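The structure presented is a predicted model; accordingly, all values stated were derived computationally and were not measured.
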2 protein chains.
Amino acid sequence: MELSDRKKKILQFVVDDYIETAVPVSSKSLTEKHLSNISSATVRNELSALEELGYLTQLHTSSGRVPSAEAYKLYVSDLMVKDKLSTKELDYIKKIFLEKADNLEEVIKSTTKIISELTSYPSVGLKSKDSGEKIENIKFFRFKKDQALVIIVTEYRLLKDNYINVPENMTDEQLQDAEKVLSNMFSGKNFEEICNLKPELQDDFMGYKNIFVNVIEALKVYMQANEGDVVMEGEDKILRHPEYADINKIQNFLSVVTSKDKVMNLLTEDGKDIKINVKIGTDGYDEIPEDCSVVTATYTANGNKLGTYGVIGPIRMDYQKVVAVLENVGKVLESILSKR
Amino acid sequence: MELSDRKKKILQFVVDDYIETAVPVSSKSLTEKHLSNISSATVRNELSALEELGYLTQLHTSSGRVPSAEAYKLYVSDLMVKDKLSTKELDYIKKIFLEKADNLEEVIKSTTKIISELTSYPSVGLKSKDSGEKIENIKFFRFKKDQALVIIVTEYRLLKDNYINVPENMTDEQLQDAEKVLSNMFSGKNFEEICNLKPELQDDFMGYKNIFVNVIEALKVYMQANEGDVVMEGEDKILRHPEYADINKIQNFLSVVTSKDKVMNLLTEDGKDIKINVKIGTDGYDEIPEDCSVVTATYTANGNKLGTYGVIGPIRMDYQKVVAVLENVGKVLESILSKR
DNA sequence: GTTAGCACTCAAAGCCTTCAAGTGCTAACT
DNA sequence: AGTTAGCACTTGAAGGCTTTGAGTGCTAAC
């Protein structure tokens with residue numbers, strides 16, 4: 001059912017005001033602030049209709065109205081006026097990124113930091129493991145008789161966290177040879193393609209099948225491992241918001257947020273093409289702490305998925321600000337990283 | 001001034017009880033639980049003497065007594081009975097470590113996790129950057145014309161987070177040659193010695209002085225960089241303790257604990273030979289959140305400093321348990337890592 | 001469809017009383 | 001001199017009471 005224009009407008013004001021003040025919104029305050037042309041009684045009629053429709057709730061009969069999760073959803077998709085950042089804020093974003101632009105790890109940390117600073121909410125970042133990028137070549141560095149570090153060079157980064165076992169009787173020359181064979185085999189393919197290579201079907205291993213199997217195994221472990229790639233910033237900022245005046249809520253929030261794999265799940269985006277993704281309330285998402293919303297954005301540069309970033313906060317979140325920050329951070333981040 | 005045996009005993013009971021219950025300790029409860037041979041009036045006299053001496057305080061005239069920071073210090077150094085872990089707990093420690101023993105990163109995480117689980121306090125871990133270990137050799141991996149990854153092999157680990165710039169006109173053969181020259185130069189020295197090498201005094205650079213300078217520069221940056229090596233676990237566990245019923249205290253605590261460089265400072269041990277280090281209360285340590293204590297332990301294996309681990313909690317901390325856990329974790333950790 | 005007016009509801013704040021835990025002190029006892 | 005029974009005194013915590021005011025819903029008139 002479609003809402004009348006006036007209902008939409010009123011609902012928007014209610015959400016706006018509630019986000020700003022955290023105080024249930026009354027008919028009187030609405031007429032005073034935004035609707036001086038109609039009376040509070042009329043607004044009351046509209047409010048009770050909106051309550052009937054499930055967009056508003058009352059804590060008790062004689063309190064003002066509070067938006068429901070439905071209302072926030074409508075607000076974000078339809079009602080909200082898109083915010084713009086101040087030039088000061090934009091300059092801040094650029095400044096931080098330019099200082100750190102040469103190190104991907106630092107960029108990820110900076111991103112979460114900027115987002116948290118500008119929004120006043122805890123922020124999270126997750127760098128993608130598999131961004132669809134193509135592998136250029138692969139290198140082994142044998143640091144023990146039976147162990148080697150695998151260095152993988154891709155289109156735009158260097159992976160160096162995988163280790164394989166090497167047969168002790170294999171000579172360094174043989175390992176170098178294996179390096180060449182595998183480099184040829186992998187070059188131009190992405191991770192998914194490589195992990196799906198069937199050893200049985202290949203006959204050009206030149207005797208290095210065991211090394212091949214070890215590398216694939218290491219890669220698979222690497223792809224699955226979660227943790228470690230989650231970065232959080234400003235967890236303590238959640239306490240700035242009045243809904244977290246209750247210890248149980250803080251407890252609940254922190255227990256989710258300190259568990260890296262739960263945070264991981266929050267960030268795994270549902271839609272591939274959606275840039276900004278808003279999850280409001282707990283509906284369906286087990287990992288989200290009660291009464292929380294999560295707004296995430298996935299950034300890409302040169303067609304490669306860099307990672308997903310976002311904020312976690314109370315349902316009563318400043319969506320205007322958060323969306324504006326995520327969009328602008330994304331723009332700067334992508335423009336900087338595209339140049340690399 | 002030395003306390004009488006009875007005063008010591010009474011003080012010990014007060015601290016014991018207060019740690020256990022978090023309720024101010026009364027003369028009556030002391031006689032009932034521990035001192036059935038003397039009357040509560042006598043205990044009251046002793047308590048007020050102990051208060052006079054600065055070991056106890058009262059919240060108000062008609063409340064029981066609470067230990068002061070001084071009392072906790074005396075308790076830890078003199079009064080406390082050393083706790084032993086149950087075999088169940090010991091088995092738990094061994095089990096976790098044996099599962100992860102092959103990966104140093106995982107060992108660090110496991111360590112903080114075990115400590116936090118067993119003590120119910122947030123725990124922190126910091127792996128040492130410079131453990132005094134000797135460098136074996138050094139390797140360059142050039143992944144771009146003008147950039148190379150520096151891999152450093154030491155007695156017992158692999159460092160691979162440093163990058164240097166390479167002159168574009170340098171051939172791969174020259175870089176390999178530089179690798180050999182520098183490996184020879186560094187081999188058998190520790191980080192400190194290397195960083196102190198004076199380029200002017202060396203004449204066997206064979207033309208690779210620029211590479212040498214870049215490597216030293218990268219190493220120095222690496223040694224200084226903090227963050228990233230701090231691991232935390234169980235931040236949310238602080239809320240289990242009744243002193244954190246107040247939002248301001250939580251705020252205060254979290255703001256310290258979410259800042260990695262503050263946590264870093266907490267863990268930089270003051271004495272070199274002290275294994276277990278107890279910092280009680282805020283006295284002198286700016287980084288410690290108000291009314292908190294920090295207990296840390298530094299672990300070594302084969303003479304190499306592995307890192308520092310510890311817990312952060314309220315002053316009213318279960319020091320018996322914490323010290324016992326840290327000692328036992330240390331034993332297991334060191335025995336496992338010595339075998340590597 | 002809008003609005004003035006009024007009765008009704010309900011949480012929050014302030015105030016008062018009661019309650020019980022605990023101390024300090026004095027005087028008597030060993 | 002050290003110990004102890006006894007009692008007055010203090011004080012926060014808890015519960016109950018009233019007051020206050022913000023806000024609604026409904027009705028009747030416009």
- Treat primed atoms plus P, OP1 and OP2 as sugar-phosphate and everything else as base, then score nucleotides 13-21 of chain D 5' to 3': B for base contact with protein heavy atoms under 4.0 Å, S for sugar-phosphate contact only, - for none. ---------
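Side-chain contact between A/Leu266 and A/Val124 is absent, with no heavy atoms from C-beta onward closer than 4.5 Å.
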- Task: Take A/Ile115 and A/Glu233 through the test side-chain contact (heavy atoms from CB on, under 4.5 Å) and record every step on the way to the result.
- Result: CA-CA 9 Å; A/Ile115 293 173; A/Glu233 262 286 331; over 6 Å; no
- Check against side-chain contact (heavy atoms from CB on, under 4.5 Å), A/Val294 and A/Val311: CA-CA 6 Å; A/Val294 179; A/Val311 308; over 6 Å; no
- Task: Go through B/Met317 and B/Tyr121 one step at a time and tell me if the side-chain contact (heavy atoms from CB on, under 4.5 Å) criterion holds.
- Result: CA-CA 9 Å; B/Met317 188 187 282; B/Tyr121 297 106; 3.5 Å; yes
- Query: Do A/Lys8 and A/Glu2 pass the salt bridge (charged side-chain N to carboxylate O under 4.0 Å, His left out) test, and can you show the C-alpha distance, the side-chain angles, and the key distance before you say yes or no?
  - Reply: CA-CA 9 Å; A/Lys8 277 189 185 174; A/Glu2 185 65 14; 2.9 Å; yes
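At whole-Å resolution of the value, CZ in B/Arg6 and P in D/dG2 are 9 Å apart. Between the CG atom of B/Leu59 and the C1' atom of D/dT11 there is a distance of 11 Å, given to the nearest Å. At whole-Å resolution of the value, CD in B/Gln58 and P in D/dC9 are 18 Å apart.
Scanning for salt bridge (Lys or Arg N to Asp or Glu O under 4.0 Å) contacts around A/Lys82 gives A/Glu327, with sequence neighbours left out. With sequence neighbours left out, the salt bridge (Lys or Arg N to Asp or Glu O under 4.0 Å) criterion links B/Glu89 to B/Lys321. Take B/Lys113 and apply the salt bridge (Lys or Arg N to Asp or Glu O under 4.0 Å) test, not counting sequence neighbours, and it matches no residue. B/Lys84 is linked by a salt bridge (Lys or Arg N to Asp or Glu O under 4.0 Å) to nothing, counting only residues two or more places apart in sequence or in another chain. For B/Val257, the side chain to side chain contact (heavy atoms under 4.5 Å, CB included) criterion is met by B/Met232, B/Glu235, B/Phe253, B/Ile312, not counting sequence neighbours. The ring-ring contact (aromatic ring centres under 6.0 Å, His included) test applied to B/Tyr319 returns B/Tyr72, not counting sequence neighbours.
Across residues 13-25 of chain A, not one residue has a non-hydrogen atom less than 4.0 Å from an atom of DNA chain C. In the region residues 26-48 of chain A, proximity to DNA chain D at under 4.0 angstrom, judged on heavy atoms, holds for A/Ser26, A/Ser27, A/Arg44.
Distance check, rounded to the nearest 0.5 Å: CG of A/Asn252 to CD1 of A/Ile288 gives 12.0 Å. To the nearest 0.5 Å, atom CD of residue A/Gln251 and atom OG of residue A/Ser255 are 6.0 Å apart.
For the side chain to side chain donor-acceptor pair (under 3.5 Å) condition, the pairs that include at least one residue of residues 239-248 of chain A, sequence neighbours left out, are A/Glu243-A/Arg316.
Checking A/Ser120, A/Ser123, A/Ser116 one by one against A/Lys237, the side-chain hydrogen bond (donor to acceptor under 3.5 Å, both in side chains) holds for a single residue, A/Ser116.
Every stem involving DNA chain D, taken as at least 3 paired positions in a row under the Watson-Crick or G-U wobble test at 3.5 Å, is listed here: C:1-30 with D:1-30.
Distances shown here put every side-chain N or O of A/Thr61 at or beyond 4.0 Å from the OP1 or OP2 atom of D/dT24.
A 4.0 Å heavy-atom criterion places the boundary nucleotides of DNA chain C facing chain A at C/dT2 to C/dA11, written 5' to 3'.
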